[in-house]
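Read through the structure below, which is laid out as structure tokens, and then see the notes.
Note that the structure is a prediction, hence the values are computed from the model and not measured. First the proteins, then the strands, lettered A, B, ... as listed; each starts at 1.
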Protein chains: 2
Amino acid sequence: MASQYDDLIPRLKALAHPARLRILDILRGGEVCVCHLETALGRRQAYVSQQLMVLREAGLVEVRKDGQQVYYRLVDDLTASLLAAALGPTGNTGPEPLAGCPCPCCTLARAEVLARPDRPAHQGDRTTC
Amino acid sequence: MASQYDDLIPRLKALAHPARLRILDILRGGEVCVCHLETALGRRQAYVSQQLMVLREAGLVEVRKDGQQVYYRLVDDLTASLLAAALGPTGNTGPEPLAGCPCPCCTLARAEVLARPDRPAHQGDRTTC
DNA sequence: CCTTTACATTCAAAAACATGAATACATTAT
DNA sequence: ATAATGTATTCATGTTTTTGAATGTAAAGG
């Protein structure tokens, strides 16, 4: 009868880390590939991958492979709830394309913006990044 | 511009520990004294006091001294929200009097039950324990 | 004053975590 | 097959956390 906390502790521990919390926050906007996180965090690939491993093992994130890219996303609602409680409600504009990011989604997003320079690419562009 | 996560991390770290999470969960019911927590957790006083120190330093709990007893309570709403997200909504029947607990509130509660053995002391007794 | 009660702090050894560097793996392109 | 790209894992090391044991302190009672 120890406690059903036991399930929760690894999850909270995974959360209680700046880089990982940031990753999860980004993931609230939808799935993104590793290199996107690399750019967003300004950390090396190996570092990001290690933190993702922690999140995976704690059951917070899931993986989808697509060609060369590996996409991560949040697994369940409990995590989303915790993040909402900790960080406030998500803006939910979908993942933001990033300036220096080499990933397909960001590259695509930039190409689209260039094609119609009249639209400043700000709100709700549904860029599916 | 590092992140306003920085405030949050110590808080989450404090949360991510079985004994401390249990303490906070109990505290959701209202303030209790240290010896009550000692009984509830089945841990030695020094251990409980150490965990309380962590919670204090992370700004999750506050202290009130009353005679020999020291009473702890939750500080703010953010903590309550996090607990609600993690553990579900509180039953909020106020602190439960505990079987072997020597603290004033529990002792008082037992005395009251003995005085009126017709009432099984179950729901909503407002025992202020 | 001395004791008891209730709690806090310090200390030290063990365990867990964080993180950089190097390396391995898998997929796509040539 | 070879190379390049994107990601994962392993390893070694330094730092932090955890937790028991011992000790300190402050208030109340005798």
Side-chain angles (χ1 to χ4, degrees), chain A residues 5-6 9-23 27 31-58 60-73 98 100-108, chain B residues 5-6 9-23 27 31-58 60-73 98 100-108:
Chain A
Y5 297 155
D6 292 347
I9 298 302
R11 189 183 290 263
L12 289 170
K13 281 193 179 179
L15 221 65
H17 180 284
R20 292 195 297 260
L21 186 55
R22 182 96 171 77
I23 290 175
L27 256 35
E31 70 172 18
V32 301
C33 63
V34 177
C35 83
H36 188 89
L37 295 171
E38 222 176 311
T39 309
L41 300 197
R43 301 304 217 108
R44 296 195 199 162
Q45 176 271 317
Y47 180 85
V48 172
S49 222
Q50 280 177 118
Q51 305 307 338
L52 286 170
M53 193 192 326
V54 174
L55 292 173
R56 238 184 301 130
E57 284 171 357
L60 295 182
V61 301
E62 273 176 349
V63 178
R64 180 178 67 89
K65 286 192 174 183
D66 183 8
Q68 287 184 101
Q69 267 68 246
V70 175
Y71 291 88
Y72 281 83
R73 62 175 178 282
L98 293 175
C101 184
C103 82
C105 5
C106 290
T107 307
L108 185 62
Chain B
Y5 296 157
D6 292 346
I9 299 301
R11 191 183 287 264
L12 290 170
K13 280 192 180 181
L15 222 66
H17 180 285
R20 292 195 295 261
L21 186 56
R22 182 97 170 78
I23 290 175
L27 256 36
E31 70 173 17
V32 300
C33 63
V34 177
C35 84
H36 188 89
L37 294 171
E38 222 177 311
T39 309
L41 300 198
R43 300 305 217 107
R44 298 195 198 162
Q45 178 270 317
Y47 180 87
V48 172
S49 223
Q50 278 178 128
Q51 305 308 337
L52 286 170
M53 191 194 324
V54 175
L55 291 174
R56 239 184 301 129
E57 283 171 356
L60 295 182
V61 301
E62 273 175 350
V63 177
R64 180 178 65 89
K65 287 192 175 185
D66 183 9
Q68 287 184 101
Q69 267 68 246
V70 175
Y71 291 88
Y72 279 84
R73 63 177 177 281
L98 292 176
C101 185
C103 81
C105 7
C106 289
T107 306
L108 185 62

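- Annotation: salt bridge (Lys or Arg N to Asp or Glu O under 4.0 Å) contacts of A:R44 (sequence neighbours excluded): none.
- In this structure, A:I23 atom CD1 and C:dA18 atom C1' are separated by 14 Å, rounded to whole Å.
- Across all strands shown, B:K65 has no heavy atoms under 4.0 Å from either base or sugar-phosphate atoms.
- When each of A:Q68 and A:M53 is assigned the nucleotide of DNA chain D bearing its nearest heavy atom, the one mapping closer to the 5' terminus is A:Q68.
- Distance CG (A:L37) to P (D:dA8): 10 Å, rounded to an integer number of Å.
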Distances under 3.5 Å between nitrogen or oxygen atoms of protein and nucleotides 21-23 of chain C:
| unit_1 | atom_1 | unit_2 | atom_2 | d |
| --- | --- | --- | --- | --- |
| C:dA21 | OP2 | A:R44 | NH1 | 2.5 |
| C:dA21 | OP2 | A:R44 | NH2 | 3.3 |

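- The CD atom of B:E38 sits 15 Å away from the C1' atom of D:dG20 (whole-angstrom rounding).
- The separation between A:L52 atom CG and D:dT10 atom P is 16 Å, rounded to whole Å.
- Residues A:L60 and A:L15 meet the side-chain proximity criterion, which asks for heavy atoms closer than 4.5 Å.
- Contacts of A:Y71 with the nucleic acid, taken as non-hydrogen atoms under 4.0 Å apart, are absent.
- In this structure, A:Y72 and A:V63 have side chains that are in contact, with non-hydrogen atoms separated by less than 4.5 Å.
- In this structure, the separation between NE2 on B:H17 and CZ on B:R22 is 14.0 Å, given to the nearest 0.5 Å.
- One finds no side-chain N or O of B:R43 lying less than 4.0 angstrom from the OP1 or OP2 phosphate oxygen of D:dT19.
- In this structure, CG of A:L15 is placed 13 Å from P of C:dA18, rounded to the nearest angstrom.
- Between B:L52 and B:L37, some side-chain heavy-atom pair lies under the 4.5 Å cut-off.
- The side chain of B:Y72 contributes an N or O atom lying less than 4.0 Å from OP1 or OP2 of C:dA8.
- Distances shown here put a side-chain N or O of A:H17 below 4.0 Å from the OP1 or OP2 atom of C:dT19.
- Shown here for B:P18 and A:I9, the closest heavy-atom pair between the two residues is N-CD1, 3.6 Å.
- Counting to the nearest Å, the P atom of D:dT9 and the OH atom of A:Y47 are 17 Å from each other.
- Here the P atom of nucleotide C:dT5 and the CG atom of B:D66 are 19 Å apart, to the nearest Å.
- By the salt bridge (Lys or Arg N to Asp or Glu O under 4.0 Å) test, A:E62 pairs with A:R73, sequence neighbours left out.
- Rounded to an integer number of Å, the gap from CD of B:Q51 to P of C:dC7 is 16 Å.
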